[in-house]
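Below, chain A is the first sequence line, B the second, and so on; all start at residue 1.
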Amino acid sequence: MSTAQERVHLSHEHALRLLREMLRIRRFEEKAAELYSAGKIRGFLHLYIGEEANAVGVMQALTEEDAVVATYREHGHALARGLPMGEVMAEMFGKVNGSSRGRGGSMHIFSAPRRFYGGNAIVGGGLPLAVGLALADRMLGRSCVTACFFGEGAAAEGEFHEAMNLAALWRLPVLFVCENNFYAMGTALAESESNLDIAAHAGVYGVPAEVVDGMDVVAVEAAARRAAHAVRQGEGPRFLEARTYRFRAHSMFDPDLYRDKAEVEAWKERGPILKFHDWALGSGLIHESGVEALEKEIAREVEAAVAFAEGGAWEPVEDLTRYVSTGDEAAA
Amino acid sequence: MSTAQERVHLSHEHALRLLREMLRIRRFEEKAAELYSAGKIRGFLHLYIGEEANAVGVMQALTEEDAVVATYREHGHALARGLPMGEVMAEMFGKVNGSSRGRGGSMHIFSAPRRFYGGNAIVGGGLPLAVGLALADRMLGRSCVTACFFGEGAAAEGEFHEAMNLAALWRLPVLFVCENNFYAMGTALAESESNLDIAAHAGVYGVPAEVVDGMDVVAVEAAARRAAHAVRQGEGPRFLEARTYRFRAHSMFDPDLYRDKAEVEAWKERGPILKFHDWALGSGLIHESGVEALEKEIAREVEAAVAFAEGGAWEPVEDLTRYVSTGDEAAA
Amino acid sequence: MSEMRRITYREAVREALREALSRDERVFLMGEDVGAYGGAYACSLGLLEEFGPERIRNTPLAESGFVGAGIGAAMNGMRPIVEIMTINFSLLALDQIVNNAATIRHMSGGQFSVPLVIRMATGAGRQLAAQHSHSFECWFAHIPGIRVVAPALVADARGMLPAALADPDPVVIMEHATLYNVEGEVPADGELAVDLDRAAIRREGTDATIVTYSANVMKALAAAEALAGEAIDCEVIDLRSLRPIDDATILASVRKTHRAVVVDEGWRSVGIAAEISARIQEQAFFDLDAPVERVCSVEVPIPYPSHLEQAAIPQPETIAAAVRRTLRR
Amino acid sequence: MSEMRRITYREAVREALREALSRDERVFLMGEDVGAYGGAYACSLGLLEEFGPERIRNTPLAESGFVGAGIGAAMNGMRPIVEIMTINFSLLALDQIVNNAATIRHMSGGQFSVPLVIRMATGAGRQLAAQHSHSFECWFAHIPGIRVVAPALVADARGMLPAALADPDPVVIMEHATLYNVEGEVPADGELAVDLDRAAIRREGTDATIVTYSANVMKALAAAEALAGEAIDCEVIDLRSLRPIDDATILASVRKTHRAVVVDEGWRSVGIAAEISARIQEQAFFDLDAPVERVCSVEVPIPYPSHLEQAAIPQPETIAAAVRRTLRR
Ligand SMILES: Cc1ncc(C[n+]2csc(CCOP(=O)(O)OP(=O)(O)O)c2C)c(N)n1
Ligand SMILES: Cc1ncc(C[n+]2csc(CCOP(=O)(O)OP(=O)(O)O)c2C)c(N)n1
Ligand SMILES: [Mg+2]
Ligand SMILES: [Mg+2]
């Protein structure tokens with residue numbers, strides 16, 4: 001059944017790569033939280049801590065030609081997609097050397113070279129966009145996949161359904177990835193969906209769906225490879241529901257009073273980094289010394305990213321109205 | 001299994017009533033088409049001809065306390081719900097003695113005494129309204145049903161899904177009735193839905209759904225009684241998909257070039273009135289003389305309705321801005 | 001005169017909600033995260049415990065769906081207060097607001113009223129970037145069949161809700177997100193409901209009239225303070241109601257000062273400020289000594305960095321400069 | 001000068017669509033019933049046969065979904081023309097238009113343009129009642145990041161589409177539903193694309209300026225004709241573009257005539273007419289001999305009966321009366 005493309009090659013290098021990518025996100029965000037308290041980052045900041053296995057696992061299944069659409073909780077996706085850490089950090093500072101020249105901030109990270117289409121802060125709003133990206137790829141004869149990430153909260157929005165139907169009806173190359181962390185802000189899944197099985201909402205459109213343990217990076221990668229392969233073969237859209245959890249509050253404004261402490265702790269014990277680290281160590285795929293080196297390397301990367309952001313310039317106020325229309329970037 | 005309330009009592013009177021109600025709609029609309037050509041009715045006019053069994057069947061399952069929400073193709077529903085024919089006709093003329101004082105016209109028939117909540121011309125827009133009506137009934141401890149009619153085209157709209165989820169999540173007393181006539185204007189079902197089974201879209205929310213032959217008034221009534229009974233018992237929403245067909249074009253502006261003539265003819269042969277008439281006659285439930293009397297009675301009713309509409313006054317232009325806010329009806 | 005007490009704008013909203021829920025069993029609050037979370041801006045914190053999940057009704061993310069449900073419930077005997085988390089997401093519910101809430105009464109020839117209150121947080125100023133900093137008050141103010149109000153003062157945040165609930169037609173309350181932490185005074189006792197029809201003069205003056213609403217009232221007052229130091233005496237009008245607009249109060253002031261500046265956080269083109277400007281020149285043209293000035297947001301999606309965001313929206317300095325222009329100083 | 005030929009507004013749109021589809025493989029048309037039905041207003045009749053279902057792409061009823069898909073396709077190499085059947089249904093797609101189409105370029109720091117064209121039929125006058133007679137041009141004209149144009153003449157219906165497709169940013173074309181059957185002239189050969197930036201003077205005159213757009217251009221011209229009989233010589237300006245607005249053309253005219261009447265089928269409050277009025281008085285205050293008048297739709301959901309509908313929207317008579325008022329006649 002499984003072809004070469006579908007199988008996960010768990011070499012030493014690959015294991016280290018998965019761990020590195022997850023750790024990069026974790027350390028980056030821990031720093032971001034610190035910098036938020038220090039007032040360097042402002043506005044909304046939605047941490048991805050606890051969910052790293054999803055972005056990292058899925059990105060393994062994508063090529064450079066593929067496209068990615070994400071939400072406001074997208075630093076993890078941006079980093080895993082290969083955006084330079086400094087540019088992401090600078091964006092969160094609002095500096096000109098940020099990925100979106102600082103115009104977008106934490107919720108609007110974009111990258112043309114990485115085909116990273118945001119950074120969309122309207123829940124559900126990214127799905128029709130992904131459908132359109134995939135439609136263009138298909139019409140232009142490219143065999144790309146558009147991976148579209150969103151939370152389980154989006155499944156209640158009409159746009160989710162409109163997009164699912166369009167993608168299925170037109171058999172478009174979209175890989176929908178629902179990161180089901182069981183809460184939409186303070187609203188538990190059972191409060192928002194009459195059917196707790198989110199994947200069923202894809203199934204009804206005839207979109208094959210798979211539920212995967214979103215705390216297990218290897219499982220996510222394997223499922224994403226299977227799904228992306230099918231999409232790339234022209235089989236139409238696929239849907240992945242990754243069951244996961246955010247360890248932090250919804251945003252820096254959220255006192256997180258609606259979740260049971262014990263529930264949070266139980267999920268933390270299944271943390272994707274912890275789990276993969278222990279497993280890979282136990283199975284001899286990686287070594288403690290390698291992990292230490294990794295941590296050091298990442299600490300340096302984060303430090304450099306902060307320095308890059310600190311060193312970035314502020315957009316001059318005279319340029320306020322640039323980037324509204326094409327051509328006006330030449331102005332000023 | 002079936003309780004008294006669920007069974008259809010096909011007495012002579014009831015059979016005659018079903019036939020009468022369907023014929024009233026048919027003759028009323030035939031006259032309306034004529035009057036449209038004569039310029040007495042203007043704007044959009046969406047005929048229900050061919051679909052009469054649905055409104056008539058479902059209304060048998062409702063009590064006076066129940067509520068009805070319909071679309072722009074709602075003359076049939078209005079008549080079957082008991083709105084005086086004259087008021088409906090006068091509304092289509094735009095006269096003050098119309099059900100909405102002529103302000104709404106063909107697409108916006110409302111009636112407070114009949115709990116008839118439109119006449120909604122935005123596809124899908126009536127569903128959230130029905131959810132809210134049912135929510136109020138539930139919160140106020142009334143055991144009413146809200147019957148909400150819409151076409152299969154609405155199933156692609158996000159609002160359909162938002163409403164379905166809310167009704168299911170909150171177990172609200174809504175009876176959703178999808179009149180699947182296989183076309184949304186010129187768009188065939190297969191062009192608009194990846195899953196041709198519309199009822200499946202209710203099922204995924206856990207809303208029990210039944211598919212019924214919308215050309216068979218007795219089948220519709222039976223299914224509607226079962227569903228309405230369950231809703232009234234507090235079992236939450238129910239979904240009925242009535243498979244039906246419109247014999248005329250979408251509206252008076254539609255040249256109807258997208259449907260196969262043979263397809264239309266085949267459906268006409270299964271026409272709800274034709275079919276029921278022949279069956280009831282054959283089984284001795286009704287008699288030809290009874291039908292003739294009925295036709296005469298209805299012809300008189302239609303004639304009277306036209307006379308009522310003709311005799312109605314035009315709203316004075318000075319009253320243009322009345323009915324925008326509560327209290328301003330007292331003005332002028 | 002009754003005594004006053006100091007509370008925050010947020011507390012004022014919460015108190016008004018609690019009062020409404022206590023007074024009238026038909027009232028319920030519905031919206032995203034109004035329950036356990038306590039509302040995105042903590043306005044309903046504690047109400048779930050007090051009134052239970054039927055009346056503090058958490059909804060899924062489905063703006064069109066739950067706003068439509070609010071309309072239906074309002075038409076059928078309830079008095080729903082629907083909270084749209086922010087005005088940014090109200091775009092997903094505009095069809096229901098325009099085509100049902102605002103229209104059903106007229107379309108039905110007066111048979112059905114829609115006694116619905118919709119609250120939403122609005123505005124920029126918190127570095128939330130382009131998709132989360134909108135000011136679409138002008139869109140709402142364009143729609144016949146609804147009333148649109150915007151409390152600037154804590155007393156209005158407290159008093160507009162009961163007044164809105166008393167209105168038999170839909171009322172939209174625009175709460176500016178930067179105001180929730182602001183403290184202000186409300187009467188210690190007696191009836192707190194306010195008159196929704198009237199604008200208010202927040203500062204009297206003789207040299208120029210500044211017309212504004214919501215969070216910009218404070219900026220206008222700051223500008224007026226600064227200008228007082230230059231011996232320019234401004235009158236500051238808080239519109240309070242964006243639909244209908246209280247022409248009389250505005251015109252009386254302009255006829256006195258002969259100069260007007262309209263301040264609006266919405267983008268300049270086709271916004272509230274254009275309407276006020278048009279009304280003033282239509283009705284007080286020959287009383288004007290200078291063109292009516294507009295100070296609005298620059299026509300750019302609101303950028304994330306603070307310095308650009310602040311440059312995009314009205315400021316006391318830009319307001320003062322506009323006043324000076326009308327006085328040719 | 002090139003020769004002219006007479007075609008209808010509908011034929012002009014269809015011809016422009018056909019040309020665009022023929023010239024550029026990246027162009028495709030997408031919307032409800034653009035296929036076998038030929039478009040609700042028959043603009044795409046025959047195109048399915050000519051270009052096939054991939055490029056004449058029928059969509060389900062899912063306005064937010066297919067407008068969003070158009071945005072995505074535009075960002076990824078295609079040149080979609082999205083038809084929203086009527087402006088009434090565009091309310092369901094406003095979030096995509098505002099928060100994605102108009103905003104992504106800025107939010108991404110200029111990385112992604114959205115070369116999307118959206119067409120929609122707009123307006124009242126056909127007895128379609130409250131939910132089907134909207135004029136929300138003013139809402140669109142408020143949004144930075146999009147261009148909004150409204151062809152009044154057949155030549156513009158023909159020439160605006162190629163110009164819109166040449167624009168690298170989103171362009172919304174508002175086609176008035178009452179105009180599709182109207183005949184007019186277009187050049188027989190040569191380049192037909194028009195300049196989207198400029199308003200046009202449709203009638204020269206010296207006594208008063210009537211500023212309007214879309215179907216009301218014809219009503220304004222009728223009013224001007226009638227007034228000519230009273231020795232009042234009106235200039236009639238067709239805005240053509242509602243965003244950006246060509247101030248220069250308007251102001252030059254008003255500086256000549258000293259009087260202005262703005263005509264707009266949208267509701268009066270916070271509409272296009274308010275913006276034009278505000279701009280005129282801001283920039284030509286001391287040239288005005290009378291307040292700028294507005295002739296707009298009465299603030300009521302459009303009623304079904306013809307006599308009420310016609311009373312609700314601008315008419316040559318109400319326009320002429322406004323001109324007379326500015327001249328104190
Ligand atoms: C249309 C819309 N409604 C409401 C919000 C406010 N909001 C932001 S995130 C969020 C919760 C989304 O939950 P989910 O989709 O599960 O994603 P998660 O945050 O859990 O990753 C809400 C309600 C929004 N951004 N957009
Ligand atoms: C939101 C919206 N989009 C488009 C339309 C235009 N329109 C009116 S009826 C119709 C077809 C609806 O089909 P269906 O729901 O199957 O009902 P039917 O007319 O077949 O009874 C369309 C596209 C509309 N009224 N509302
Ligand atoms: Mg979630
Ligand atoms: Mg249909």
(request) Have a look at D:Arg147 and tell me which of D:Asp167, D:Asp169, D:Val172 forms a side-chain contact (heavy atoms from CB on, under 4.5 Å) with it. (result) D:Asp167
(request) Report the residue from D:Ile237, D:Asp238, D:Val149 that forms a side-chain contact (heavy atoms from CB on, under 4.5 Å) with D:Tyr213. (result)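 Filter result, single survivor: D:Asp238.
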(request) Please state whether the rings of D:Trp139 and C:Trp139 are parallel, tilted or perpendicular, taking 30° and 60° as the class boundaries. (result) parallel
(message) Is D:Val292 close to chain C through its backbone or its side chain, or both, or neither, when contacts mean heavy atoms under 4.5 Å?
(response) both
Tell me which of these, [options], has more heavy-atom pairs under 4.5 Å with chain D than the rest.
options	answer
C:Ala130, C:Cys138, C:Ser90	C:Cys138
C:Leu242, C:Leu94, C:Ile245, C:Ile302	C:Leu94
C:Val98, C:Asn88, C:Thr103, C:Ile97	C:Val98

Heavy-atom proximity to chain D below 4.5 Å, by part of [X]:
X	result
C:Val300	both
C:His142	both
C:Pro244	neither
C:Phe136	side chain

(request) Compute the centroid of each ring, for D:His132 and then for D:Phe89, and state whether the two points are separated by less than 6.0 Å. (result)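 Distance test on ring centres: under 6.0 Å, yes.
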(request) Pull out the residues in residues 272-288 of chain C that come under 4.5 Å of chain D, heavy atom to heavy atom, sorted by number. (result)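 Listed by number, the contacting residues are C:Ile272, C:Ala274, C:Glu275, C:Ser277, C:Ala278, C:Arg279, C:Gln281, C:Glu282, C:Phe285, C:Phe286, C:Leu288.
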